[in-house]
Amino acid sequence: MSEPPTSTLGTSAKNAVNTGRKPLVYIISAPSGSGKSTLVTELLKLVPDLDFSISFTTRAPRGSEENGKQYFFVSRDEFERMIYADEFLEYAEVFGTAEVSGNYYGTAWQALREAERKGRDLLLDIDVQGAKQIKQRLPGAISIFVLPPNRETLEWRLRHRSEDEEEVIQRRLVTARREIENYDKYNYILINDVLPESIESLEAIVRAERLVRSGRALTDGQQSIVALADRCRLANIRDRIRPILDSFSPPEASG
Ligand code: ADP
Ligand code: 5GP
């Protein structure tokens, strides 16, 4: 059996566990192919007391996906019943275009209630529309936007993941451009270039929010975790975002 992953952040932050208070809600969004699932999988191995919110969706399972693991797969009728019964904290139609309707995706209130009951924090992997709804309903939610280093790398990752047909890849790239424009509505921006560094930064963000909100005096080790997280704060990373956005813009018409 392989060894469980060990945090690169040191042991002093390990006591940053959420006990006896409302769950912290972390939102993570990214254009498809940026590496969000990879980062989330690693994060959940490293950080204790953090639950992944399993969304409901009307899309069909892909590959080895199982009902109740990655998603709860439901029919459109069932999803709409849940909408009318007010069972969703947020929901959205994702990947829709003027011609093709997308699939519904939604986070049930139940996920939040369950995290609260267990005294755990909650991680939501949702799109920009869902993130906006959560921020309105839960203003204290912490939002993280994952960006690829540039468009070329995103395209390369989508192709090498070998999961999608060419038409879907093209649609994902068009959607990516639109989604990326929402980066400035997020608290943190994570540029997923070198994977181990991105994992370390993501872990730092999650732990730093717990540490700061605990109101306790921080040790030197804990302060360096907060400093690492701060480097990803929107205000501190704006200069690095511009070239990424430019790589997604069509070339200026000449003349
Ligand atoms: P998403 O969940 O955002 O759609 P994935 O986690 O499926 O993206 O990642 C897309 C592809 O890119 C996968 O093949 C993954 O292994 C790869 N990948 C993720 N992060 C990195 C990285 N930092 N460097 C290189 N490849 C990466
Ligand atoms: P996929 O079909 O590739 O798993 O996900 C497509 C998109 O749906 C991703 O951007 C993902 O973040 C988003 N998504 C997944 N679950 C939810 C959800 O519950 N709500 C919203 N709004 N988006 C979701």
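Whatever order the structure lists ligands and atoms in, that order sets their numbers, starting from 1. Quick note: numbers below take in every heavy atom, side chains included, and nothing from hydrogens, waters or symmetry partners.
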Please list, in number order, the atoms of ligand 2 under 4.0 Å from a heavy atom of [X].
| X | result |
| --- | --- |
| Ala92 | 22 (N) |
| Asp125 | 11 (C), 12 (O), 14 (N), 15 (C), 16 (N), 17 (C), 24 (C) |
| Lys36 | 9 (C), 10 (O), 11 (C), 12 (O) |
| Gly130 | 22 (N) |
| Val94 | 7 (C), 8 (O) |
| Arg59 | 1 (P), 2 (O), 4 (O) |
| Arg62 | 1 (P), 2 (O), 3 (O), 4 (O) |

Is the closest heavy atom of [X] to ligand 2 under 4.0 Å?
| X | answer |
| --- | --- |
| Gln70 | no |
| Ser32 | no |
| Gln133 | no |

For the pair [X] and [Y], find out whether any cationic side-chain nitrogen is under 4.0 Å from an anionic carboxylate oxygen.
| X | Y | value |
| --- | --- | --- |
| Arg157 | Glu152 | no |
| Glu179 | Arg172 | no |
| Lys45 | Glu42 | yes |
| Lys69 | Glu65 | no |
| Lys132 | Glu90 | no |

Nearest option to [atom], as decided by whichever heavy atom of [options] sits closest:
| atom | options | result |
| --- | --- | --- |
| atom 25 (C) of ligand 1 | Lys36, Arg159, His160, Arg157 | Arg157 |
| atom 20 (N) of ligand 1 | Ile199, Asn192, Leu154, Thr41 | Asn192 |
| atom 6 (O) of ligand 1 | Leu158, Asp125, Ile28, Thr38 | Thr38 |
| atom 22 (N) of ligand 2 | Asp127, Ile28, Ile126 | Asp127 |
| atom 14 (O) of ligand 1 | Arg161, Glu197, Arg172 | Arg161 |
| atom 19 (O) of ligand 2 | Ser55, Ser34, Ala176, Ser53 | Ser55 |

Among protein heavy atoms, which sits nearest to [atom], and what does the distance come to when rounded to 0.1 Å?
| atom | result |
| --- | --- |
| atom 20 (N) of ligand 2 | Glu90 OE2, 2.7 Å |
| atom 6 (C) of ligand 2 | Tyr105 OH, 3.6 Å |
| atom 8 (O) of ligand 1 | Gly35 N, 3.1 Å |

Region of Asp193 that comes within reach of ligand 1 [heavy atoms, distance under 4.0 Å]
backbone

Please work out whether any backbone atom (N, CA, C, O) or any side-chain heavy atom from C-beta onward of Ser37 is under 4.0 Å from ligand 1, and answer side chain, backbone, both or neither.
both

Shared hydrophobic cluster for Ile27 and Val47 (ILVMFWY, side-chain gaps under 4.5 Å):
no

Same apolar cluster: Leu124 and Val40, side chain cutoff 4.5 Å:
no

Decide yes or no for Asn103 and Glu93: does some side-chain heavy atom of the first lie under 4.5 Å from some side-chain heavy atom of the second?
no

Heavy atoms, side chains only, cut-off 4.5 Å: are Glu114 and Trp109 in contact?
no

Any donor-acceptor pair under 3.5 Å linking the side chain of Ser34 with the backbone of Ala30?
no

What part of [X] sits under 4.0 Å from ligand 2 if we count only heavy atoms: the side chain, the backbone, both or neither?
| X | result |
| --- | --- |
| Tyr71 | side chain |
| Thr107 | both |
| Gln129 | neither |

Show your working on side-chain hydrogen bond (donor to acceptor under 3.5 Å, both in side chains) between Gln170 and Glu166 and close with a plain yes or no.
CA-CA 6 Å; Gln170 290 307 326; Glu166 181 58 28; 2.6 Å; yes

Examine ligand 1 and decide if any of its atoms is less than 4.0 Å from a heavy atom belonging to Ser32.
yes

Among the heavy atoms of Gly33, does any lie under 4.0 Å from an atom of ligand 1?
yes

Option from Tyr105, Phe72, Phe79, Tyr104 for which ring pair (Phe, Tyr, Trp, His ring centres under 6.0 Å) with Phe88 holds:
Phe79

Any side-chain donor-acceptor pair under 3.5 Å between [X] and [Y]?
| X | Y | value |
| --- | --- | --- |
| Asn192 | Ser198 | yes |
| Ser29 | Tyr186 | yes |
| Asn150 | Thr153 | yes |

Gly106 versus ligand 2: do any nitrogen or oxygen atoms come within less than 3.5 Å of each other?
yes

Residue list, salt bridge (Lys or Arg N to Asp or Glu O under 4.0 Å) with Arg81, at least two apart or on another chain
Glu78, Glu87

